[in-house]
Each structure stands twice: as structure tokens, then as C-alpha cells.
S.K.: 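Structure below; questions to follow.
Counting starts at 1 for both ligands and their atoms, following the listed order.
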Amino acid sequence: MIRGRGDLGRVQRLVVKIGSSLLADARAGVRQERLDALAAEIASLRERGIEAAIVSSGAVALGCVRLGWVGRELAVHEKQAAAAIGQPMLMHAWQRGFARHGVDVAQLLLTRDDLRNRRRYLNASNTSETLFSAGIVPVVNENDTVVVREIKFGDNDNLGALAALLMDADLLVMMTDVDGLYSANPARDVDARRIGLVEAVTPELMAAAGGAGSSFGTGGMASKLKAARIATRGGVAAAIVDGRRAGALAALLEGEDVGTLFPCGADRQSRRRHWIAEVLPVSGRIIIDDGAREAILGRGASLLPVGVVAVEGMFDKGECVEIVGGDGEVIGRGLSNYDAEEMRRIVGVPSDRIEEVLGFRDFSSVIHRDNLVLTG
Ligand code: GLU
């Protein structure tokens, strides 16, 4: 596991996420020289035995350039059409870039639903393993043409983090057009300095990172920090580097002080808890009282029906629900032991009376501590 810059020389497999603004130009379309340079860097890593996958943005941007839609406000179906046009252009450009080095690329288009579904997840994971062992570079993007908001990754930083977990990578590198995270906006503040190492992505850091970045991508620093948190909690280190700088990847892996590194920290969760916290869709909400809040946060206790105040939504037994305090603050998530209907009937009921109310008692808790993850 990568715990600091000194460990970066040991990376065996990495996922490199590259933002739209690096790959697409508003007038000329594909920035082929940039792509060629990145392909050369990745190909030379592979010669040293380091496997790499790419998460490439740019489909929508390239489609827009081709259609003459740059700078226009686009409806969802227009973005999807642009992606359908831009995605093959993107793949063609990567193919060209890698062909010079005798390396093949493969296209993986994913949606969030693919990762939620265990069978599809395993398929995607096995396919990438097979590609790696055949010496091929997987190029991943969101399957933009079919996604609706509910099943969207949201942005490719998030997709990058989940792809890194799916592929069991050691490192997620997010390439963008600044050389890391800054203490303030470097475009506006002369005192802004690069933060080389982030041990924990705190809510304060998130607030300081602000909103989305360039005109092309959907990401910005906030989404990179979120992605770094997802990756590091799952045991994958993350880094933000300047993708415009030649050799940035090699420099990072040699342990040079470039960009921002997010080492794997002490807050690593098991894959299972991570799954509950980051990947599973939320099917309902359980509002709890202060006593239950205290027990969960302070003592790591299970959630008992007696501490439940209200139940929102429809869900089945085993589905993921959000746990919310009386003040509306989301405390965590967990897998429900009862379906929504049953849960509503046992609101505020002591555990030894569950059977009396429901006619059966499968569990004394409504969410067992092993299936409960704090996310606040
Ligand atoms: N999937 C989008 C595209 O390829 C990019 C999303 C993002 O940049 O975050 O155009």
C-alpha cells in the first residue's frame, strides 16, 4: 500500500484519469500531440512492467466541436448525441497514439449500474484482468449515450476512483491543467501554494476547493478530492498532477515532489463497507433520535428500532438506506434488516417487542453495526 512518496516506486498498476480540457481543443478537436505524449509515457511505464488503464474524458467535448456546438447550452440528449460522435474519435486518437509503440487499446464503457450489479461488476473486473494480462491498455469512459442522472457516475473523477478499485490498482492519477491542489486559487491569489501531501480529505478541505473547474470538463477540484477520498478509503492512493507537463507521470512514480499525493491512510475501510458507503444506491432514509445517534457515533452500536423516529421511501430487506439525525444531517448508511413496511411498524418499538408487533423477529436491530458505515 502507498503510504508516502517513497512508496511510489513500488506501484504495479495504475489508473490514469485525463480530463477533457487536456485532450480536446475548442476549435481543433483532438489534441493529438498531447495524447501522443501521454501514450508514450504510459507505453514506457509498461516496458518497466507497470500496468496502466486510462479513464479518458473528452467524448462530449469532441462531439461538440465536430457538431459546431461549442459554447452552447446543451440538453441531455444533445450531450448524449455529442458523446456518441466523440467517443469513437477519442478511441481512434488513443489507438493512433499507442500504435507507434506497438500497444493495443481496448474500450470499456461503464455506467454506475454496471458496478452495482455484482455479476456485471465481476464481468468488468475479469475483462480488465484479461486485457492487462494480454498487454493491452484499457481505455474507460462513462457510457454517456445511455445514462440518465440516477445511474451516472457524475464525473470522470468519480469513475476513475471506482475503476481503480474495480481494477485493483495501487494508484489513481488524476491529470488536469494545474499541478495539484492549492491553498487558494493560484489564478487569483499570489500567495497560493501547492499542497504536496494530503493525509485526509476533510470537510474543510472540500469547502476550500470550491466548485467545478474549466469550461469543458464537469470535474473541478472538489470532485477530485471526493474521488481521492473514495480511492484512499478503498486502499488505492491518489494523486493530482499537471497533465500538460511532459514526464509528470514518471516524475511522480520516481517520488519527486510534483502535484498532490493522497496516500492510503488510517481511515481505510474494508471493501464491503466501502461498497455500502460509496457505490450502493440509497433506497430510503431512516430518521433517528439523539440517543440512537449518540450510540452509533459514540459507541459504534447497531441501530435499534427504539431509536427510529421515521422511515422514508420504499425499500426491501437488505437494501441500502441513509441514516439521518433529527437535524437532517446524514450520519451514515447501512443495509436494512427489515423492509420499509415492516420498519414503519416497529418505529420506536423496543427490540424485545418486535415479534409481538410483526409476528416474527429476524433481528433485534434494524441495521447491524457490521452493515453500518458512518459517512458524515
Ligand atoms: N464522460 C464525459 C466525456 O467523455 C466526461 C465527463 C467528465 O469530464 O467528468 O465527455
S.K.: Taking only non-hydrogen atoms of Gly58, do any sit less than 4.0 angstrom from ligand 1?
M.R.: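 Checking ligand 1 against Gly58, which is what was asked, there is a heavy-atom contact under 4.0 Å.
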
S.K.: For ligand 1, note which part of Asn141 has a heavy atom under 4.0 Å away: side chain, backbone, both or neither.
M.R.: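 The part of Asn141 near ligand 1 is the side chain, not the backbone.
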
S.K.: What residues, two or more places apart in sequence or in another chain, satisfy side chain to side chain contact (heavy atoms under 4.5 Å, CB included) together with Asn143?
M.R.: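 For Asn143, the residues satisfying side chain to side chain contact (heavy atoms under 4.5 Å, CB included) (neighbours in sequence not counted) are Leu109, Thr111, Thr145, Val146.
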
S.K.: Answer yes or no: is there a side-chain heavy-atom contact under 4.5 Å between Arg194 and Asp179?
M.R.: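 The answer is yes; the side chains approach within 4.5 Å.
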
S.K.: So Met89 and Arg66, do their side chains get closer than 4.5 Å, heavy atoms only?
M.R.: yes

S.K.: Asp155 to ligand 1: N or O pair under 3.5 Å?
M.R.: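 For ligand 1, there is no N or O atom that lies under 3.5 Å from one belonging to Asp155.
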
S.K.: Quiz question: by atom type and distance under 3.5 Å, do the side chains of Asn141 and Gln87 form a donor-acceptor pair?
M.R.: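 Short answer, yes.
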
S.K.: For Asp157, is at least one N or O under 3.5 Å away from an N or O on ligand 1?
M.R.: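 The answer is no, given that Asp157 and ligand 1 share no N or O pair closer than 3.5 Å.
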
S.K.: Do the side chains of Leu303 and Val306 join up, straight or via other hydrophobic residues, at under 4.5 Å, putting them in one cluster?
M.R.: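 No, because Leu303 and Val306 fall into different hydrophobic clusters, even though each may have its own neighbours under 4.5 Å.
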
S.K.: Are any of the N or O atoms of Ser57 closer than 3.5 Å to those of ligand 1?
M.R.: yes

S.K.: Is there any N or O on Asp144 that sits under 3.5 Å from an N or O of ligand 1?
M.R.: yes

S.K.: Can you list everything that forms a side chain to side chain contact (heavy atoms under 4.5 Å, CB included) with Ala75? Sequence neighbours excluded, please.
M.R.: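 With sequence neighbours excluded, Ala75 shows a side chain to side chain contact (heavy atoms under 4.5 Å, CB included) to His77, Glu78, given in chain and number order.
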
S.K.: Going by distance only, is there an N or O of Ala61 that falls short of 3.5 Å from an N or O of ligand 1?
M.R.: no

